[in-house]
Colleague: 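Provided herewith is a single structure, encoded as structure tokens, for subsequent inquiry.
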Amino acid sequence: NELPKKLLLSVNTSGYRLISLKSGKGENNLHIDILSLTGIEAGTRIISSEMLAQSFIQQLGSDVEINSISPDSIMLDLSPSVSVKLPVKENLDVTFEKQYEAVSPVKISPDSVVATIPMSLAGKIKHIETEKITVKNLKASLKNNVKLLVPSGTSLSMSEAEINLDVEKFTEGNLEVPLNLINVPRGLKMKIFPDRVTVKYLVALSQYDKVKPDLFSVIANASQASVAKDKLDVQVISSPVFVRSVSFQPEKVEFLLKR
């Protein structure tokens, strides 16, 4: 378990001795000999306040009487430990200014750390989280050093990571894209009306000029044609990875089938 950062002792002693104890000088530091109190066998061990009191009296002297110790016990996991490589997971809460968005996923450096954990926790800790970062109305790229959260009983090879989030202003674009027919029955010819569709999308300003019609694949499936159905559905089956919110018009097209 996580060890307490300090112990609070209630003591009786002379006024002069009490002043010296409260002076905070280094020679008044108290030490806990884990080996003598717990032994060397693996497993969970509890050091009680009585055990601590005996150890502290030996260090403080018989002129000090210990009334209580808080916390009243210390639990230790002395199980063998193992080192494992775990991914770092960001904890980022971001909202963007209007028209601004992230252009790529969050980058974390390092993306993994070596964690030394008790064998009893092996397989139970799946990742290491960062402290939470909250940013509102973001409209510029974000670069932050953030602390790693250390699970109880664990030590890490690094104490912090760097988070990078690339942010740009987005704008709407549109293109006329040819509509391709697939699965036309053998021996038949099909014409569609219209044979082009207008594709709309959002794209970062830096990528705007890279968007070309041949980067989109838009189809109509001739196998949908029937006497009862006079229109074919339009589908966008591929688009550039750097555009988003793709829509198109029309969503259906008329067709003429000839032998």
Side-chain angles (χ1 to χ4, degrees), residues 87-112 127 130 133-144 146 161-259:
V88 176
K89 183 179 180 182
E90 51 80 18
N91 189 0
L92 195 58
D93 180 15
V94 174
T95 61
F96 297 97
E97 190 80 18
K98 188 177 181 181
Q99 289 189 278
Y100 287 84
E101 291 188 39
V103 296
S104 60
V106 178
K107 300 181 183 70
I108 306 176
S109 180
D111 61 2
S112 61
H127 60 263
T130 68
I133 296 179
T134 301
V135 184
K136 303 299 182 185
N137 302 318
L138 188 63
K139 60 177 182 179
S141 293
L142 177 68
K143 184 177 181 180
N144 261 33
V146 58
E162 184 180 87
I163 289 180
N164 285 279
L165 183 64
D166 293 328
V167 176
E168 285 192 41
K169 190 173 185 178
F170 277 66
T171 188
E172 187 177 82
N174 64 81
L175 289 172
E176 291 289 318
V177 178
L179 180 57
N180 298 309
L181 269 173
I182 63 170
N183 297 326
V184 178
R186 185 176 299 178
L188 296 178
K189 294 182 179 180
M190 178 178 280
K191 295 194 68 173
I192 50 176
F193 308 95
D195 60 1
R196 302 175 73 84
V197 297
T198 300
V199 176
K200 293 183 179 180
Y201 49 85
L202 292 178
V203 62
L205 288 177
S206 64
Q207 305 282 345
Y208 187 84
D209 292 335
K210 295 182 179 180
V211 187
K212 306 296 181 185
D214 60 0
L215 298 179
F216 294 87
S217 181
V218 186
I219 64 166
N221 192 343
S223 65
Q224 294 180 343
S226 67
V227 175
K229 189 171 185 178
D230 59 355
K231 291 186 178 182
L232 303 177
D233 296 329
V234 176
Q235 293 178 279
V236 176
I237 60 172
S238 67
S239 59
V241 294
F242 51 85
V243 304
R244 57 194 64 177
S245 301
V246 176
S247 63
F248 53 89
Q249 287 292 333
E251 296 181 354
K252 296 179 181 293
V253 292
E254 296 180 341
F255 65 91
L256 181 62
L257 196 59
K258 292 183 178 180
R259 292 191 178 277

Colleague: Between Phe216 and Tyr201, is the ring-ring contact (aromatic ring centres under 6.0 Å, His included) condition met? List the steps.
Modeller: CA-CA 11 Å; Phe216 294 87; Tyr201 49 85; 5.7 Å; yes

Colleague: Please check this pair: side chain of Asn221 against backbone of Ser223, looking for a donor-acceptor N/O pair closer than 3.5 Å.
Modeller: yes

Colleague: Using 0.5 Å steps for rounding, measure from the NZ atom of Lys191 to the CG atom of Leu257.
Modeller: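 Rounded to the nearest 0.5 Å, the NZ-CG separation comes out at 13.0 Å.
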
Colleague: So do the side chains of Val167 and Leu142 get within less than 4.5 Å of each other, counting heavy atoms only?
Modeller: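 Side chain of Val167 against side chain of Leu142, heavy atoms only: no contact under 4.5 Å found.
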
Colleague: Any idea which heavy atoms bring Tyr208 and Gly173 closest together, and the distance?
Modeller: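 Nearest pair, atom of Tyr208 first, then Gly173: CE1-CA, 4.2 Å.
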
Colleague: Applying the side chain to side chain contact (heavy atoms under 4.5 Å, CB included) criterion to Val203, which one of Val243, Asp209, Val103 satisfies it?
Modeller: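 Going through Val243, Asp209, Val103 one by one, the side chain to side chain contact (heavy atoms under 4.5 Å, CB included) with Val203 is satisfied by Val243 alone.
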
Colleague: Roughly how far, to the nearest 0.5 Å, is CZ of Arg196 from CG of Leu179?
Modeller: 10.0 Å

Colleague: Is there a side-chain contact between Leu215 and Phe242, using heavy atoms and a 4.5 Å cut-off?
Modeller: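 The answer is yes; the side chains approach within 4.5 Å.
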
Colleague: Considering only heavy atoms from C-beta outward, does the side chain of Glu101 approach that of Arg244 to under 4.5 Å?
Modeller: yes

Colleague: In Å, rounded to the nearest 0.5 Å, how long is the span from NZ of Lys252 to CG of Leu232?
Modeller: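 Rounded to the nearest 0.5 Å, the NZ-CG separation comes to 9.0 Å.
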
Colleague: Determine the minimum heavy-atom distance between Asn137 and Glu97, stating which atoms define it.
Modeller: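 In this case the closest contact between Asn137 and Glu97 is CB-OE1, 3.4 Å.
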
Colleague: Find out whether Val197 and Val236 are in side-chain contact, i.e. whether some heavy atom of one side chain is under 4.5 Å from a heavy atom of the other.
Modeller: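 Side-chain contact under 4.5 Å: no.
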
Colleague: Can you confirm whether Tyr100 sits close enough to Lys169 that some side-chain heavy atom of one is under 4.5 Å from a side-chain heavy atom of the other?
Modeller: yes

Colleague: How close do Leu165 and Ala102 get, counting heavy atoms only, and between which atoms?
Modeller: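 Reported closest heavy-atom pair: CD1-CB, 3.7 Å.
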
Colleague: Side-chain contact test, heavy atoms from C-beta onward, threshold under 4.5 Å: evaluate it for Thr95 versus Lys136 and give yes or no.
Modeller: yes

Colleague: Looking only at heavy atoms, what is the nearest atom pair of Gln224 and Asp233, with distance?
Modeller: OE1-N, 3.0 Å

Colleague: Once rounded to the nearest 0.5 Å, what's the spacing between atom CD of Glu172 and atom CD of Gln99?
Modeller: 10.0 Å

Colleague: Considering non-hydrogen atoms only, spot the tightest contact between Val234 and Pro250 and give its length.
Modeller: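 Reported closest heavy-atom pair: CG2-O, 3.8 Å.
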
Colleague: Is any side-chain heavy atom of Pro87 closer than 4.5 Å to a side-chain heavy atom of Asp111?
Modeller: no

Colleague: Which pair of non-hydrogen atoms, one from Pro213 and one from Val177, has the smallest distance, and what is that distance?
Modeller: O-CG1, 4.0 Å

Colleague: In chain order, what residues pass the salt bridge (Lys or Arg N to Asp or Glu O under 4.0 Å) check against Glu254, with sequence neighbours excluded?
Modeller: none

Colleague: Look only at the side chain of Thr130 and the backbone of Asn91, and say whether a donor-acceptor pair between them is shorter than 3.5 Å.
Modeller: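 Yes: the side chain of Thr130 pairs with the backbone of Asn91.
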
Colleague: Are the side chains of Glu176 and Thr198 in contact, using a 4.5 Å heavy-atom criterion?
Modeller: yes

Colleague: To the nearest 0.5 Å, what is the distance between CG on Leu92 and CD1 on Ile163?
Modeller: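 Here the rounded value is 5.5 Å.
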
Colleague: Tell me, with the steps shown, if Lys107 and Asp166 meet side-chain contact (heavy atoms from CB on, under 4.5 Å).
Modeller: CA-CA 9 Å; Lys107 300 181 183 70; Asp166 293 328; 3.2 Å; yes

Colleague: Once rounded to the nearest 0.5 Å, what's the spacing between atom CD of Glu251 and atom NZ of Lys231?
Modeller: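 Here the interatomic distance stands at 11.0 Å.
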
Colleague: Output, in order, the C-alpha distance, side-chain angles, deciding distance and verdict of side chain to side chain donor-acceptor pair (under 3.5 Å) for Asn164 and Glu162.
Modeller: CA-CA 7 Å; Asn164 285 279; Glu162 184 180 87; 3.0 Å; yes

